[in-house]
Amino acid sequence: MAERKDRMALLSRYSKLHTAKYEQKPSLNLNVEQWAADGLVESYGMSQCYELLDYYFSVAQETSWNYFAYNAEKILNGKLDVEQDIRERQQRRAKAKEWLSE
(Lines give C-alpha, C1' and ligand atoms only; values in the text may rest on other atoms or scores of the structure.)
Protein backbone atom coordinates (compact mmCIF):
# COMPACT_ATOMS: atom_id res chain seq x y z
CA MET A 1 0.00 0.00 0.00
CA ALA A 2 1.37 3.40 -0.99
CA GLU A 3 1.76 6.05 1.64
CA ARG A 4 -1.08 8.50 2.07
CA LYS A 5 1.13 11.45 1.10
CA ASP A 6 1.90 9.79 -2.26
CA ARG A 7 -1.77 9.15 -2.99
CA MET A 8 -2.69 12.71 -2.09
CA ALA A 9 0.25 14.10 -4.07
CA LEU A 10 -0.99 12.31 -7.19
CA LEU A 11 -4.52 13.63 -6.68
CA SER A 12 -3.12 17.09 -6.06
CA ARG A 13 -1.13 16.93 -9.29
CA TYR A 14 -4.29 15.94 -11.16
CA SER A 15 -6.15 18.81 -9.56
CA LYS A 16 -3.44 21.32 -10.53
CA LEU A 17 -3.38 20.14 -14.14
CA HIS A 18 -7.18 20.17 -14.33
CA THR A 19 -7.34 23.67 -12.86
CA ALA A 20 -4.72 24.92 -15.31
CA LYS A 21 -6.57 23.45 -18.29
CA TYR A 22 -10.18 24.25 -17.40
CA GLU A 23 -9.73 27.18 -14.98
CA GLN A 24 -11.82 25.46 -12.32
CA LYS A 25 -11.09 22.86 -9.69
CA PRO A 26 -12.26 19.30 -10.34
CA SER A 27 -14.92 17.82 -8.14
CA LEU A 28 -13.12 14.90 -6.56
CA ASN A 29 -13.99 13.05 -3.40
CA LEU A 30 -10.45 12.64 -2.10
CA ASN A 31 -11.46 10.00 0.45
CA VAL A 32 -12.82 7.76 -2.29
CA GLU A 33 -10.37 8.50 -5.09
CA GLN A 34 -7.29 7.97 -2.94
CA TRP A 35 -7.75 4.22 -3.36
CA ALA A 36 -7.56 4.48 -7.13
CA ALA A 37 -4.47 6.64 -6.68
CA ASP A 38 -3.05 3.97 -4.38
CA GLY A 39 -3.43 1.34 -7.09
CA LEU A 40 -1.73 3.58 -9.64
CA VAL A 41 1.20 4.37 -7.36
CA GLU A 42 1.61 0.71 -6.46
CA SER A 43 1.50 -0.37 -10.10
CA TYR A 44 3.57 2.33 -11.79
CA GLY A 45 5.43 4.33 -9.15
CA MET A 46 5.15 8.05 -8.49
CA SER A 47 7.43 9.33 -11.24
CA GLN A 48 5.72 7.31 -13.95
CA CYS A 49 2.28 8.34 -12.65
CA TYR A 50 3.33 11.98 -12.93
CA GLU A 51 4.60 11.40 -16.48
CA LEU A 52 1.35 9.64 -17.40
CA LEU A 53 -0.73 12.50 -15.99
CA ASP A 54 1.29 15.06 -17.96
CA TYR A 55 0.96 12.99 -21.12
CA TYR A 56 -2.76 12.43 -20.55
CA PHE A 57 -3.43 16.15 -20.17
CA SER A 58 -1.36 16.93 -23.26
CA VAL A 59 -3.24 14.54 -25.59
CA ALA A 60 -6.77 14.19 -24.20
CA GLN A 61 -9.49 16.51 -25.38
CA GLU A 62 -11.54 15.99 -22.25
CA THR A 63 -10.03 14.69 -19.05
CA SER A 64 -11.48 12.93 -16.04
CA TRP A 65 -9.90 11.28 -13.05
CA ASN A 66 -11.99 8.12 -13.45
CA TYR A 67 -10.88 7.63 -17.04
CA PHE A 68 -7.25 8.18 -16.10
CA ALA A 69 -7.41 5.89 -13.07
CA TYR A 70 -9.08 3.00 -14.86
CA ASN A 71 -7.31 3.30 -18.22
CA ALA A 72 -3.76 4.13 -17.12
CA GLU A 73 -2.41 1.02 -18.85
CA LYS A 74 -3.96 2.05 -22.18
CA ILE A 75 -2.54 5.55 -21.76
CA LEU A 76 0.89 4.11 -20.97
CA ASN A 77 0.77 1.80 -24.00
CA GLY A 78 -0.23 4.71 -26.22
CA LYS A 79 2.62 6.82 -24.87
CA LEU A 80 5.12 4.00 -25.45
CA ASP A 81 3.81 3.46 -28.99
CA VAL A 82 4.28 7.14 -29.81
CA GLU A 83 7.81 7.13 -28.40
CA GLN A 84 8.69 3.99 -30.39
CA ASP A 85 7.23 5.54 -33.56
CA ILE A 86 9.35 8.67 -33.07
CA ARG A 87 12.51 6.56 -32.64
CA GLU A 88 11.75 4.49 -35.74
CA ARG A 89 11.08 7.60 -37.82
CA GLN A 90 14.40 9.10 -36.71
CA GLN A 91 16.20 5.90 -37.72
CA ARG A 92 14.48 5.87 -41.11
CA ARG A 93 15.37 9.53 -41.69
CA ALA A 94 19.00 8.82 -40.85
CA LYS A 95 19.08 5.85 -43.24
CA ALA A 96 17.40 7.85 -45.99
CA LYS A 97 19.84 10.72 -45.51
CA GLU A 98 22.76 8.28 -45.62
CA TRP A 99 21.36 6.63 -48.75
CA LEU A 100 20.80 9.98 -50.52
CA SER A 101 24.29 11.21 -49.68
CA GLU A 102 25.94 8.21 -51.40
Side-chain angles (χ1 to χ4, degrees):
M1 177 178 264
E3 291 189 30
R4 187 172 198 276
K5 68 177 184 171
D6 292 338
R7 297 188 301 248
M8 292 303 164
L10 184 60
L11 290 168
S12 175
R13 177 74 168 245
Y14 174 84
S15 180
K16 287 178 185 176
L17 291 170
H18 187 277
T19 303
K21 186 170 184 172
Y22 298 110
E23 298 178 354
Q24 67 181 30
K25 288 191 171 199
S27 59
L28 289 175
N29 183 341
L30 297 179
N31 294 321
V32 173
E33 301 304 338
Q34 71 175 330
W35 302 113
D38 178 61
L40 291 169
V41 172
E42 286 292 318
S43 297
Y44 302 108
M46 281 301 291
S47 62
Q48 193 165 26
C49 285
Y50 282 167
E51 289 175 19
L52 279 177
L53 263 177
D54 292 337
Y55 177 75
Y56 177 59
F57 272 89
S58 69
V59 299
Q61 291 179 356
E62 293 185 23
T63 58
S64 76
W65 170 256
N66 284 333
Y67 184 86
F68 175 75
Y70 296 107
N71 294 293
E73 186 174 355
K74 290 179 185 178
I75 296 167
L76 177 62
N77 289 338
K79 181 179 183 273
L80 294 175
D81 288 344
V82 167
E83 290 171 353
Q84 180 181 355
D85 184 55
I86 290 170
R87 280 193 305 274
E88 289 174 356
R89 286 174 188 252
Q90 288 173 341
Q91 291 171 350
R92 287 185 191 125
R93 278 191 216 110
K95 286 180 183 179
K97 187 175 183 179
E98 180 182 313
W99 180 73
L100 288 173
S101 66
E102 289 180 357

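The chain is numbered in sequence order, starting from 1.
The line from CG of D38 to CD of E3 is 11.0 Å long, rounded to the nearest 0.5 Å. Taken to the nearest 0.5 Å, the CD atom of E98 stands 6.0 Å off from the CD atom of E102. Rounded to the nearest 0.5 angstrom, N29 CG and Q34 CD are separated by 9.0 Å.
Grouped by direct or indirect side-chain proximity (heavy atoms under 4.5 Å, Ile/Leu/Val/Met/Phe/Trp/Tyr only), L100 sits with W99.
A ring pair (Phe, Tyr, Trp, His ring centres under 6.0 Å) check over residues 21-47, counting only residues at least two apart or in different chains, returns the pairs H18-Y22.
Nearest heavy atoms, A36 versus W65: CB-NE1, 4.0 Å. Taking all atoms of both residues into account, the shortest heavy-atom contact from M46 to L10 is CE-N, 4.3 Å.
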List, one per line, each side-chain donor-acceptor pair under 3.5 Å for residues 75-87, sequence neighbours excluded.
{"unit_1": "N77", "atom_1": "ND2", "unit_2": "E73", "atom_2": "O", "d": "3.3"}
{"unit_1": "K79", "atom_1": "NZ", "unit_2": "E83", "atom_2": "OE2", "d": "3.0"}
{"unit_1": "Q84", "atom_1": "NE2", "unit_2": "E88", "atom_2": "OE2", "d": "3.0"}
{"unit_1": "D85", "atom_1": "OD1", "unit_2": "R89", "atom_2": "NE", "d": "3.4"}
{"unit_1": "D85", "atom_1": "OD2", "unit_2": "R89", "atom_2": "NE", "d": "2.8"}

Quick one: side chains of residues 47-57, donor-acceptor pairs under 3.5 Å with protein atoms, not counting sequence neighbours, listed by atom name and distance.
{"unit_1": "D54", "atom_1": "OD1", "unit_2": "R13", "atom_2": "NH2", "d": "3.3"}
{"unit_1": "D54", "atom_1": "OD2", "unit_2": "R13", "atom_2": "NH2", "d": "2.9"}
{"unit_1": "Y56", "atom_1": "OH", "unit_2": "S64", "atom_2": "N", "d": "3.1"}
{"unit_1": "Y56", "atom_1": "OH", "unit_2": "S64", "atom_2": "O", "d": "3.4"}

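Applying the salt bridge (Lys or Arg N to Asp or Glu O under 4.0 Å) criterion to D6, with sequence neighbours excluded, gives no partner residue. By the side-chain contact (heavy atoms from CB on, under 4.5 Å) test, S43 is found to be paired with no residue, residues two or more places apart in sequence or in another chain being considered.
Side-chain contact between P26 and Y14 is present, with heavy atoms from C-beta onward closer than 4.5 Å. Between L40 and R7, the closest side-chain pair of non-hydrogen atoms is not below 4.5 Å.
Between the T19 side chain and the S15 main chain, a donor and an acceptor come within less than 3.5 Å of each other. Using modelled atom types, no side-chain atom of S12 and backbone atom of M8 make a donor-acceptor pair closer than 3.5 Å.
Residues Y70 and L28 fall into different hydrophobic clusters, defined by Ile, Leu, Val, Met, Phe, Trp and Tyr side chains chained together at heavy-atom separations under 4.5 Å.
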Show the numbers, then the answer: is there a side chain to side chain contact (heavy atoms under 4.5 Å, CB included) between N66 and E33? CA-CA 9 Å; N66 284 333; E33 301 304 338; 3.7 Å; yes
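Within 6.0 Å of NZ in K21 there are more than 12 heavy atoms belonging to other residues, nucleotides or ligands.
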